[in-house]
Amino acid sequence: MTITAFLSDRLRRLLFQAVSVLAAAVFLSATGTQTDILVLLLIIWAFLLAGIQIYDYFRCRAHLLELESIMDNLDEKYLFTECIPSPRSLYERRLFALVRRAGRSMLQTVSDAQTAGQEYREYVESFVHEIKAPITAAKLICRHVERETGRKLTKELSQIEAHVERALFYARLESPEKDFLIRQTSPARISADAVERHRSLLIQNGFRIETKDLDQTVYTDEKWAAFIFGQLLQNAARYRSESPLIAISAKQDGARVIVTVSDNGIGIPAHELPRVFDRGFTGSNGRCRGGSTGMGLYLCRRLADRMETELQISSEEGKGTTVTLIFPARSPHPA
């Protein structure tokens, strides 16, 4: 708080005091008080007023610095009104009590919302686990129906399963500690898991898979990483070319392992690349081909951030897209 701001805040009070003193001086002069005495009284009043304002300024400044220090040292800023000392004046105490009541009401509202959100996430997780059983059963039934019909039904069921899986990971984003385990694995295992999960989709779309140097050691959550790979495979299938190819490779780079997943699909327009990780962004390709929710790459970025894994993307329209994942090659939490 500057002295200018302090005086500006008290300008009306100071003007009132000045007008009152001048009125008193005029009255004393009219009643015959000597000019020397009036001047002396005005000088004394001015010094007293200046001293009081200076004292009040430093007192208020010290109090504000104390409050700012309390705020800066709090991890949970919303507990500020519960930690600061009670004001001295009656007006400030009443005002502080109202602010504290408003803060507690806000905390209760937030707590209720968090509880409702947690219950909803738990319901979504339960729903996802329950729905997987009938999806699996429906896939088994498809094996006993006419071949072309079974193939089409299996394709649609795979799409449903992919949407369900995205919903599960989205629900878990806010509480990753429930299903999050960093351990030693390899890009070979992660990519093999993802390819196996989406094998029918890749076969139906005529993909060739090329791998290179995937036997590296990385530290990540294997299930979450496989989900990211799976989203990349699904995107490659959705935006494929006439002779679709996916190339997965890895290389050691000091304490990191750089994994690239490349396809030769239709690519992404350059002006859309900065937005592909935004929630709900489908882009021109997604709108043209349909079926895009704009959630796949958004979830990939969120999950990668949770795993302390860098996720980068580059693309050239008409030539393909390359996604780069940079994994830690050593445990980020050594024993």
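As the structure is a prediction and not an experimental result, all values here were calculated from the model. What's counted below: heavy atoms across the whole structure, side chains too, no hydrogens, waters or symmetry copies.
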State, without any angle test, whether [X] and [Y] hold a side-chain donor-acceptor pair at a distance under 3.5 Å.
X      : Y      : result
Thr260 : Ser249 : yes
Arg59  : Tyr55  : no
Asn235 : Gln231 : no
Gln184 : Thr217 : no
Glu222 : Thr185 : yes

Ionic contact status for Asp193 with Arg197, cut-off 4.0 Å: yes

Lys/Arg-Asp/Glu bridge criterion (N-O < 4.0 Å) met for Arg199, Glu196: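 Looking at Glu196 together with Arg199, the answer is yes, because their closest N to O distance falls below 4.0 Å.
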
Please enumerate all residues that pass salt bridge (charged side-chain N to carboxylate O under 4.0 Å, His left out) together with [X], with sequence neighbours excluded.
X      : result
Glu130 : none
Lys152 : none
Glu310 : Arg256
Arg10  : Asp56

Test item: [X] and [Y] side chains (from C-beta on) under 4.5 Å apart, heavy atoms:
X      : Y      : value
Thr322 : Val261 : no
Val259 : Phe229 : yes
Leu74  : Asp72  : no
His63  : Leu67  : yes
Gln17  : Trp45  : yes
Leu49  : Leu14  : yes
Leu201 : Ser158 : no
Leu157 : Cys142 : yes

Common cluster, [X]/[Y], ILVMFWY with side-chain heavy-atom separation under 4.5 Å:
X      : Y      : answer
Leu245 : Ile248 : no
Leu22  : Val26  : no
Val21  : Val39  : no

Thr220: partners by side-chain hydrogen bond (donor to acceptor under 3.5 Å, both in side chains), with sequence neighbours left out: none

By side-chain hydrogen bond (donor to acceptor under 3.5 Å, both in side chains) - contacts of Gln114 (at least two apart): none

Worked check of side-chain contact (heavy atoms from CB on, under 4.5 Å) between Leu7 and Tyr57: CA-CA 9 Å; Leu7 293 176; Tyr57 167 73; over 6 Å; no

Backbone N or O of [Y] within a donor-acceptor pair of the [X] side chain at under 3.5 Å?
X      : Y      : result
Ser315 : Gly267 : no
Ser20  : Phe16  : yes
Ser8   : Thr4   : no
Ser105 : Arg101 : no

Listed once per pair and sorted, the salt bridge (charged side-chain N to carboxylate O under 4.0 Å, His left out) pairs that draw on residues 25-52, sequence neighbours left out: none

Any pair counted as salt bridge (charged side-chain N to carboxylate O under 4.0 Å, His left out), so long as it reaches residues 207-218, sequence neighbours left out: Arg208-Glu210

Pair Phe169-Phe227, ring-ring contact (aromatic ring centres under 6.0 Å, His included): steps then yes or no: CA-CA 9 Å; Phe169 277 92; Phe227 172 81; 4.1 Å; yes

Shared-cluster residues of [X], by chain and number - hydrophobic side chains joined below 4.5 Å:
X      : value
Leu11  : Leu15
Leu40  : Ile44, Leu48
Ile258 : Ile326
Tyr91  : Leu95

Might you point out which heavy atoms bring [X] and [Y] nearest each other, and give the distance in Å?
X      : Y      : value
Phe6   : Gln53  : CE2-O, 3.5 Å
Thr309 : Phe327 : OG1-CD2, 3.8 Å
Phe207 : Ala236 : CZ-O, 3.3 Å
His271 : Pro274 : O-CD, 3.7 Å

Derivation and outcome, side-chain contact (heavy atoms from CB on, under 4.5 Å), residues Phe27 and Thr33: CA-CA 9 Å; Phe27 174 77; Thr33 303; over 6 Å; no

side-chain contact (heavy atoms from CB on, under 4.5 Å) assessment of Ile313 paired with Thr324: CA-CA 6 Å; Ile313 187 169; Thr324 303; over 6 Å; no

Leu214/Ser191 under side-chain contact (heavy atoms from CB on, under 4.5 Å): CA gap, chis, key distance, verdict: CA-CA 9 Å; Leu214 296 184; Ser191 59; 3.5 Å; yes

Within 6.0 Å of CD in Glu148, more than 12 heavy atoms from elsewhere: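 More than 12 heavy atoms, drawn from other residues, nucleotides or ligands, come within 6.0 Å of this atom.
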
